[in-house]
Undergrad: 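I have a structure I would like to understand better, so I am pasting it below and will then ask my questions one at a time.
Heavy-atom basis, side chains included; hydrogens, waters and symmetry copies ignored. For ligands, and for the atoms within them, numbers begin at 1 and follow the listed sequence.
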Amino acid sequence: MADHGNSPPDLVESDRLRASPSRRSFFAASAGLAGSLIAAPVAADSLADVPPREDGANLSGHSERSQYVKLARIPEAGPGKRNVDPSDAINSKAPLDKLFGGITPTDLHYERSHSGAPDLDPAKHRLLVHGMVGKPLVFNVEDLKAMPSVSRVVFIECTGNGWENWKKADENLTVQHTHGLVSTNEWTGVPLKFIVDLVGKEPDSHWMLAEGGDAAGVARSIPLTDEILSEAFVAYGQNGEPLRPAHGFPMRLVMPGFEGNLNIKWLRRLKFGDQPWMTSWETARYTQLQANGKATQFQLRMDTNSVITTPSGTMVIKPGYQRINGLAWSGHGRIAKVEISTDGAKNWRQAQLTQPALPKAQVRFQMDWTWEGKPTRIVSRSTDDRGNVQPDRKSFIAAMGTNALFHYNAQQTWSIDETGRVRNVLD
Ligand SMILES: Nc1nc2c(c(=O)[nH]1)N[C@H]1C(S)=C(S)[C@@H](COP(=O)(O)O)O[C@H]1N2
Ligand SMILES: [Mo]
């Protein structure tokens with residue numbers, strides 16, 4: 001099938017099918033199936049059928065998007081607070097429905113800044129590392145760049161991602177509104193372990209305070225588990241270039257798999273100690289009010305999640321072939337499988353994952369579907385390599401209640417009416 005010019009380029013083999021002994025016959029069948037399913041291209045074999053060549057613009061210092069491509073984040077002031085004055089915005093959501101693959105373009109990576117994004121002068125910026133250490137030190141960004149580095153593709157997700165759907169579903173929301181507080185970039189920096197060894201952390205120090213250099217001074221106590229000690233890093237690079245100011249220039253903490261707010265931007269201090277500092281960020285802001293009125297602290301891990309991005313909220317589809325597409329991610333590890341239901345969570349089929357599916361990074365999934373033109377509901381559910389399954393909304397709410405605000409990872413349902421309009425619904 002691969003050497004037929006007319007086969008759809010995006011028909012990929014799923015892991016399950018790769019293992020199948022009847023691979024050849026499957027592909028023969030799927031080529032026919034896909035040929036009859038995809039929106040039929042027009043037959044042509046003359047250059048008169050394609051536009052003529054065009055003159056080019058001058059080469060330039062850096063390239064911009066095509067004038068025909070409109071991509072933007074949506075600044076918001078909190079759940080349901082859209083169309084606000086930019087000075088009131090607290091976060092800016094990524095256009096998940098308009099992107100491809102797993103990497104978010106740098107300028108479209110979601111942003112959450114508690115007091116705006118300072119543009120710090122790297123010549124003046126310093127990182128103080130002190131507390132229960134043998135040798136307190138202060139670093140500038142050039143010091144960090146001279147140290148051994150790691151580059152890793154990971155998602156960062158705000159704990160507020162999904163908060164729009166805790167209590168009710170506004171049917172006019174797009175997936176950018178419901179899930180746009182997660183993004184995946186390649187970050188480059190110095191392993192935390194290297195810095196820990198350099199300052200000589202005391203063995204009894206099992207906590208680290210990370211503090212930002214912005215006016216809000218976001219500061220979080222981080223437990224120094226083996227996982228965090230081996231995976232966290234102090235980043236200065238983002239998708240191959242220095243961090244953008246919005247994302248912490250000149251240095252930030254990257255905490256693969258954990259709450260967005262632990263990824264401290266404009267990092268100015270790491271302090272080691274033997275207990276958490278109980279900053280207001282962990283006693284008030286990032287706590288979860290449970291159904292019984294008590295609050296949970298230090299719910300740090302981002303759970304297994306997924307969402308269908310096409311078709312999704314406010315889109316309109318036509319009867320016939322559809323290619324369902326979406327994103328899945330887990331703070332526990334790698335996404336092992338994504339299943340999709342096109343009949344309101346009754347029957348499930350396994351989607352194809354775009355490889356490589358990296359641990360603690362967003363991965364694309366896709367599946368063929370024919371919409372018969374009747375009202376239905378579509379929903380995805382992901383499973384990671386630790387066996388964590390994304391919960392349906394009923395069991396999620398049964399476990400969490402409706403007082404809480406953070407860590408919403410229930411399965412997302414989109415309803416489709418007889419006109420093909422797609423709407424955000426609870427289940
Ligand atoms: N210093 C500082 N660090 C911060 C924040 C902040 O406001 N100040 N926001 C946090 C929150 S709530 C999130 S979700 C992530 C967002 O990172 P991003 O803006 O690069 O997407 O940064 C975290 N680090
Ligand atoms: Mo956040």
Undergrad: So among Arg301, Gln299, Arg220, which one has a side chain to side chain donor-acceptor pair (under 3.5 Å) with Glu259?
TA: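 Only one option passes, and that is Arg220.
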Undergrad: Could you check Arg349 against Glu339 for side-chain contact (heavy atoms from CB on, under 4.5 Å), going step by step and ending with a plain yes or no?
TA: CA-CA 5 Å; Arg349 272 168 65 202; Glu339 296 156 293; over 6 Å; no
Undergrad: Considering residues at least two apart in sequence or located in another chain, which fulfil the side-chain contact (heavy atoms from CB on, under 4.5 Å) criterion with Val153?
TA: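 Checked Val153 against side-chain contact (heavy atoms from CB on, under 4.5 Å); matches are Ile103, Thr184, Glu186, Leu358, Ala361.
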Undergrad: Say you draw a straight line from CD1 of Ile228 to CD1 of Ile222; how long is it, rounded to the nearest 0.5 Å?
TA: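 So the CD1 of Ile228 and the CD1 of Ile222 are separated by 7.0 Å.
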Undergrad: Mind checking whether Trp281 and Tyr286 have parallel, tilted or perpendicular rings, split at 30° and 60°?
TA: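 The rings of Trp281 and Tyr286 lie parallel, inter-plane angle below 30°.
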Undergrad: Check whether Ser115 reaches the backbone of Ala216 with its side chain - one donor and one acceptor, N or O, closer than 3.5 Å.
TA: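 Flag set: sc Ser115 to bb Ala216 pair under 3.5 Å.
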Undergrad: At less than 4.0 angstrom from any atom of ligand 1, which residues have a non-hydrogen atom? List them by chain and residue number.
TA: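 Ligand 1 pocket, heavy atoms under 4.0 Å: His109, Tyr110, Glu111, Arg112, Ser113, His114, Cys158, Gly212, Asp214, Val218, Ala246, His247, Arg252, Gly260, Asn261, Asn263, Ile264, Lys265, Trp266, Tyr286.
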